[in-house]
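Structure record follows, encoded as structure tokens.
The model shown is predicted, which means the values in this text are computed figures rather than measured ones. Note that these values count all heavy atoms, side chains included, but never hydrogens, waters or copies made by symmetry.
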Amino acid sequence: MPPSDRIRDHAGQGATTVAAHRARRRLRADQARQLADLLRHQLLAGGFPDGTLPHETTLATDYRATRNTVRQALDLLRAEGLVDRLPGVGTVVVARKYPHGLDCLMGLAETLREHGRVTNEVRTMGPAPAPAPVAERLQVKPGTDVLYIERLRRLGGLPLSLDLTYIPLDLGTALLGADLENTDVFRLLETITGQRLGHAAITLEAVNADTHSAAVLEAPHGAAVLMLERLTHLADGRPVDLEFIRFRGDRITMSGLLHRSA
């Protein structure tokens, strides 16, 4: 074989080795991500009641994974702030997420009543001209005054969500003297109107926290937050509450029970 051919053949073997190495790394990363998803579900569901995860060797055996894959998966959970490694103890759960259902129309205090007391810091409250998109959703004329409320909501003293709320002023006026620090707006609206709430249209997406939101939620600037936009109607169909809620993504998990339509 001519020297030039031997060089090309050796170079080709080297390229194959590099490609195979990269493929193995991608495969291990995929497996680590899959394992992290399974472990995340377990720890959020209370699968580790004593707050300590099994030893890496046990996890590797239970999930038929390599120790390196297990370590990589735990690193992913550590980066999310869910677990940490303590010398002499092992990997422990250091944070939890609270479940927020998407299949039932309830206020935050009602949703999380089993997990502690939700308190509200009313940061801003008062009449304000309705921007065109708000007016359209609430079915009022653009520029008409609506009640605007900004609240920081805490669970166990920890910031959980920043809520921006718009309510038609004929209903909102009655809220001005209400105990918004300890009562959900939903409950107050039902009391004021004498009607039950009927339904809500929601949109859920991930957005980056702006400087103001990050500071109020005590989250890193630019951190991902869950943005829930919700337009709530009374039982008679009237829209009465438009909300833009920014949840700390590291403290809340959304869930629901869905049925397939025919």
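Of the N and O atoms on the side chains of Thr66 and Thr69, at least one donor lies less than 3.5 Å from an acceptor on the other residue. Counting only N and O atoms by type, the side chains of Ser161 and Arg248 include no donor and acceptor under 3.5 Å apart.
Transitive grouping of hydrophobic side chains (ILVMFWY, heavy atoms separated by less than 4.5 Å) brings Val93 and Tyr63 into a common cluster. Using a 4.5 Å cut-off between side-chain heavy atoms of Ile, Leu, Val, Met, Phe, Trp and Tyr, with links allowed through other members, Leu102 and Met106 fall into different hydrophobic clusters. Linking ILVMFWY side-chain heavy atoms closer than 4.5 Å, directly or via other members, places Val122 and Phe186 in a single hydrophobic cluster. Note on Leu228: it clusters hydrophobically with Leu160, by side-chain heavy-atom contacts below 4.5 Å among ILVMFWY residues. When the side chains of ILVMFWY residues are joined at heavy-atom separations under 4.5 Å, either directly or via intervening members, Phe48 and Val70 end up in a single hydrophobic cluster.
Heavy atoms only, all atoms of each residue included: Met125 and Ile149 are closest at CG-CG1, 4.1 Å. Nearest approach of Glu190 to Leu197, heavy atoms of both residues: OE2-N, 2.9 Å. Closest approach of Ala200 and Thr232 over heavy atoms only: CB-OG1, 3.7 Å.
In Gln195, the CD atom is crowded: over 12 heavy atoms of neighbouring residues, nucleotides or ligands sit closer than 6.0 Å. Within 6.0 Å of the CZ atom in Arg67, the count of heavy atoms belonging to other residues, nucleotides or ligands exceeds 12.
Of the candidates Leu231, Ile167, Leu234, Val140, Pro239 forms a side-chain contact (heavy atoms from CB on, under 4.5 Å) with just one, namely Leu231. Considering Leu188, Thr183, Leu169 in turn, Leu188 is the only one that fulfils the side-chain contact (heavy atoms from CB on, under 4.5 Å) rule with Leu175. A side-chain contact (heavy atoms from CB on, under 4.5 Å) with Pro159 holds for exactly one of Arg251, Glu121, Arg153; it is Arg251. Of the residues His41, Arg40, Gln34, the one that meets the side-chain hydrogen bond (donor to acceptor under 3.5 Å, both in side chains) test with Asp37 is Arg40.
For Asp75, the side chain to side chain donor-acceptor pair (under 3.5 Å) partners at least two apart in sequence or on another chain are Arg78.
Within the structure, side-chain hydrogen bond (donor to acceptor under 3.5 Å, both in side chains) pairs that include any residue of residues 164-180 comprise Asp170-Arg238, Asp179-Asn182 (at least two apart or interchain).
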